[in-house]
2 protein chains.
Amino acid sequence: MARKPALDPLLLGNQICFAVYSTAHAFNRVYKPLLDKLGLTYPQYLVMMVLWERDGVPVKDIGEKLFLDSGTLTPLLKRMEAANLIKRTRSTQDERQVLIALTPQGHALKEKARAVPEGILASSTCSVGELLAMKNELVALRDKLNAALGE
Amino acid sequence: MARKPALDPLLLGNQICFAVYSTAHAFNRVYKPLLDKLGLTYPQYLVMMVLWERDGVPVKDIGEKLFLDSGTLTPLLKRMEAANLIKRTRSTQDERQVLIALTPQGHALKEKARAVPEGILASSTCSVGELLAMKNELVALRDKLNAALGE
DNA sequence: CGCGATTTAATTGTATGCAATTGATTAGGA
DNA sequence: TCCTAATCAATTGCATACAATTAAATCGCG
């Protein structure tokens, strides 16, 4: 007897990974008009959040927080430098490192960015509590997946 | 008095979108070694799942199921055709459409792919029930986000 | 029937992402 | 100290993604 179709693990609709993948894209589309007003892409917005929290950090630290490597970050940061949002300076303590610091414009952008999370919350039609619960579940799953990679 | 830091909506760790984004990347890394054995990338694997479920569909249908447009799909499908997994044929009924059909190799790949979901499940260290619950929550969120875009 | 609006893929340009390699710098052990 | 290993950013090559435009085909209204 055949497996129940609803449980077929090769059906698109049954895969959590596709649910995550397609939700990420949906978020991207919702963020787009909000971030366009700030002149940022979503990954650039992530970098700005790291820097608003702690300024003057090496590329590696940003990469660890965002799970991105230098192959992605180097060109992205160069574009942000060209947009006058950040400044890239090779560290004098350790010349292997490049430190990323906000410009005054980059720092000032935080005020305009405060409207972004509100817009996202409104589009989600969810309560803060629901979103927080899902966020915690996702982070737990992500950490388990990343742990499985290190074995 | 300042807002409690733990509730600051501009902190990376408080954002569900970053949780989704970073979980999607974690999934990608876990899928990579499994899909390498099949000679597929993750988006190509998604296309194969659509075709294993229903063969001979136009590009537009694939795009609607995967939330991808022709700008992404056209070159991706050309690479899959070059790899002898699919065949692209302009429809005789409606010459605007290009129909995507599996080759025998593409059809046969489904058997090798059955091992993939098991590997993912193992890496997640979660029960099927937990994953199913999260999947349903994510799909509901995704659909709400997409609905908000159409307004 | 005729013709403008719509639909469908393809194309162009920009921005991620990641694997693999490179080059410069620093760390650490014999 | 010297020399090898490790670290860090940059680079190269390939594969998504998406906005905007284009071109061909079809639809649908008058």
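Proteins get letters first, then strands, A, B, ... in listed order; numbering begins at 1 in each. Bear in mind that the values here come from a model prediction, so they are computed numbers and not experimental data. These numbers come from the heavy atoms of this one structure, side chains and all, not from hydrogens, waters or symmetry mates.
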Test side chain to side chain contact (heavy atoms under 4.5 Å, CB included) on B/S91 and B/V98 and set out the steps. CA-CA 6 Å; B/S91 167; B/V98 168; over 6 Å; no
Just how far is it from atom OG1 of A/T41 to atom CZ of A/R79, taken to the nearest 0.5 Å? 7.5 Å
Could you list where the contact with chain B starts and ends along DNA chain D, reading 5' to 3', using a 4.0 Å heavy-atom cut-off? D/dA15 to D/dT26
CA sep, side-chain torsions, deciding dist, call: B/Y42, B/F27, ring-ring contact (aromatic ring centres under 6.0 Å, His included): CA-CA 10 Å; B/Y42 183 69; B/F27 264 120; 8.2 Å; no
Same cluster or not: A/V139 versus B/V30, using hydrophobic residues (I, L, V, M, F, W, Y) connected whenever any side-chain heavy atoms lie under 4.5 Å apart? no
Take atom CG of A/L149 and atom C1' of C/dA19, then tell me their distance rounded to the nearest Å. 14 Å
Which parts of residues 81-102 of chain B get close to DNA chain D, meaning a heavy atom less than 4.0 angstrom away? B/Q93, B/D94, B/E95, B/R96
Within 6.0 Å of NZ in A/K87, more than 12 heavy atoms from elsewhere: no
When rounded to the nearest 0.5 Å, the distance separating OG1 of A/T23 from CG of A/N28 is 12.0 Å
So with a 6.0 Å cut-off around NE2 of A/H25, is the heavy-atom count from everything else above 12? yes
Between B/L99 and B/V59, is there a shared hydrophobic cluster once you connect ILVMFWY residues whose side-chain heavy atoms come closer than 4.5 Å? no
Looking at side-chain heavy atoms only, is the closest gap between A/L141 and B/L131 below 4.5 Å? yes
Does atom NZ (A/K110) have a neighbourhood of more than 12 heavy atoms from anything else shown, all under 6.0 Å? yes
Short N-O contact, A/K32 and A/D36, less than 4.0 angstrom: yes
Of all of residues 70-78 of chain B, which get a heavy atom below 4.0 angstrom from DNA chain D, listed by number? B/G71, B/T72, B/L76
Rounded to whole Å, the CG-C1' distance (B/N28 to C/dC18) equals 9 Å
Output for pair (B/L138 CG, B/I16 CD1), nearest 0.5 Å, gives 7.0 Å
Whole angstrom is fine here: how far is it from OH in B/Y21 over to C1' in C/dC18? 12 Å
Could you check which residues of residues 31-46 of chain A get a heavy atom under 4.0 Å from DNA chain C? Sort them by number, please. A/T41, A/P43, A/Q44
Which pairs count as ring-ring contact (aromatic ring centres under 6.0 Å, His included) when at least one residue sits in residues 44-83 of chain B, sequence neighbours excluded? B/Y31-B/Y45
Are A/L10 and B/V47 connected in the hydrophobic side-chain network, where two residues link if heavy atoms are under 4.5 Å apart? yes
Within residues 51-67 of chain B, find the residues that approach DNA chain D with a heavy atom at under 4.0 Å, and present them sorted by residue number. B/F67
Spacing of CD1 belonging to B/I62 relative to CG belonging to B/L68, to within rounding of 0.5 Å: 10.0 Å
